[in-house]
Amino acid sequence: MNHIFNSLGSNYSFSRALRALFFCASTAQKQKNRELLLSTLEQRFHATPFLAINGRSALAQYLTNTHFKKGSKVLVQAFTCYALEQAIVEVGFIPVYLDIDEKTRNPSPSDIQRHLSSDEEIAFVLLQHTGGHPAHIRQIHEICQKHHVILIEDLAQAFGALDEEIVPVGTYADVILLSFGRDKIIDAVTGGAILVKHTSYQVAPNHNTNPLFARWYPIITWCIRMCYPIGVGKILHKIFQKTGALHSPIDEPVDRVHQLSDLNVSLVLDALEEHAPLSAHRKQMYLEYQKSLEKYSAFSKNKGVPSHLRYSILVEDPTQIISYLEKKGIHISDRWYRKPVDGGSIFSSQWYQTGTCKTAEHLAQHVLNLPTHRYISIDDVRYISKEILQWMHSHAKK
Ligand SMILES: Cc1ncc(COP(=O)(O)O)c(C=O)c1O
């Protein structure tokens, strides 16, 4: 049986996995790579980039470098990753959660306006373009300007997306947050960056970090995936998890001391180079899902262009369908997000109050993400869609 995964290193080709494993470069080459990455990001976003070991550390570094005092508030959408709260709380700021809109699955401009009008302590709006689907970002930018609030756009899932006016996401931001973590659009195993427009910013820390995990993760996951058809993959996966060789992507620190490793820099450059052809591939897979699963789509069509990171559908009970698909060789238990502020089984939000963001809660209970990555073919999409429809129909009859 062909085995299909949502994640488990599915963003890396075998040659990339080998390059990571045997990465070695001269000091001059490492410096050249770093400068190339910084200039590529700067040219793309017209902002000054700073690299960090992950997205949350980049955000924490930025927030501490602003003139805002501790206790300042950051308006964050619910249906998000706990990593953002982790960074905000680490530096003594407060996350304030707002719900997403039922139609766009992003915070609505009017809701943001309402929050900013009623709470003057909100200094930042942090928006993430849910699942890579652009929000009404120009309007949100205008509201932020009116209230003198800093707009941070988190492009971890939305890198490369275009808004409804076909303007690239990040264009209206004061600050752009990138994560190069596992299964993001630009996947370098770990890593992050913050790009700041308009204001000056102190130099980020420059202590080296050990890239051991980034060196091994692509090849370990490649071996696991390859061994699934012979029945050993599952066992290997369990062993690597139990021994700590593989850990959850959420289980990362906020680290304001170390900088992005040279290996990660090189992996980010690889991912940026592959971004255009892989985006085209993702789009093709996404449109193929759309042909048969549109009725169940979690996102309605709009004028913009999403990043096509995954195709999201709504199902009554994700756990049931996940175990059904598991038996068919489709491993998609890795859902975004399972809670309004998802910290996996490790963290739970201290600031989100149950019942306050009902749309985010509903989406978290019902969303199922389907893969579009490089190893998915049109035939895989058809197979996944067929199995999902079969399950849906058999359950509709009951
Ligand atoms: C939308 C989004 N932004 C940022 C992050 C933080 O990323 P990192 O793991 O690089 O800190 C996450 C976490 O997965 C995320 O889902």
Side-chain angles (χ1 to χ4, degrees), residues 6-7 11 49-63 74 76-91 95 97 100 105-107 124-135 152-161 169-170 173 175-195 204 209 211 213-214 217 246-256 258-261 264-265 267-268 271 306-307 309-310 312 334-349 352 360 363-364 367 369:
N6 237 354
S7 42
N11 278 337
F50 297 91
L51 306 174
I53 68 153
N54 52 31
R56 64 200 90 180
S57 302
L59 177 63
Q61 271 173 28
Y62 164 70
L63 293 175
V74 185
V76 190
Q77 70 172 85
F79 200 72
T80 188
C81 178
Y82 175 79
L84 300 174
E85 177 171 318
Q86 200 182 342
I88 294 165
V89 171
E90 168 85 14
V91 297
Y97 288 103
I100 48 175
R105 309 289 186 191
N106 278 300
F124 306 89
V125 169
L126 173 46
L127 205 85
Q128 79 183 46
H129 304 289
T130 310
H133 293 261
I152 308 175
E153 277 187 68
D154 173 351
L155 305 187
Q157 299 182 338
F159 189 100
V169 292
V175 175
I176 294 161
L177 171 63
L178 299 176
S179 163
F180 308 130
R182 284 178 265 167
D183 311 308
K184 305 295 190 312
I185 289 278
I186 303 298
D187 180 338
V189 186
T190 54
I194 198 96
L195 291 103
T209 183
F213 185 66
Y217 180 78
L246 290 183
H247 62 270
S248 157
I250 189 67
D251 190 11
E252 291 276 333
V254 174
D255 178 337
R256 284 176 277 153
H258 293 95
Q259 66 171 346
L260 189 66
S261 78
N264 288 103
V265 166
L267 292 176
V268 177
S307 64
L309 182 56
R310 288 186 181 178
S312 304
D334 164 34
R335 297 198 302 126
W336 299 330
Y337 295 103
R338 287 153 296 180
K339 291 185 203 147
V341 183
D342 195 346
S345 53
I346 300 163
F347 302 112
S348 56
S349 172
Y352 179 74
L363 190 55
V367 76
N369 315 120

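This is a predicted model, so every value here is computed, not measured. Atoms within a ligand are numbered from 1 in the order they appear, just like the ligands themselves.
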Query - Note: D334-R182 ion pair, threshold 4.0 Å (strictly below) - result: no

Query raised in the report: With the threshold set at 4.0 Å, does a side-chain nitrogen-carboxylate oxygen contact exist between R256 and E90?
Result: yes

Report summary line: Sorted by chain and residue number, the salt bridge (charged side-chain N to carboxylate O under 4.0 Å, His left out) partners of E252 (sequence neighbours excluded) come out as none

Query - R56 (side chain) donor-acceptor with I250 (main chain) under 3.5 angstrom - result: yes

Check ligand 1 for close polar pairs with the protein: N or O on both sides, less than 3.5 Å.
residue, atom, partner, partner atom, Å
ligand 1, 3 (N), D154, OD1, 3.3
ligand 1, 3 (N), D154, OD2, 2.5
ligand 1, 7 (O), S179, OG, 3.2
ligand 1, 9 (O), R56, NH2, 2.8
ligand 1, 10 (O), G55, N, 2.7
ligand 1, 10 (O), S179, OG, 2.7
ligand 1, 11 (O), G55, N, 3.2
ligand 1, 11 (O), R56, N, 2.9
ligand 1, 11 (O), R56, NE, 2.8
ligand 1, 14 (O), K184, NZ, 2.9
ligand 1, 16 (O), Y337, OH, 2.7

Query raised in the report: Nearest 0.5 Å, what's the CG-CD1 distance between L51 and I53?
Result: 12.5 Å

Query raised in the report: Could you state the interatomic distance from CG (N264) to CZ (F180), rounded to the nearest 0.5 Å?
Result: 9.5 Å

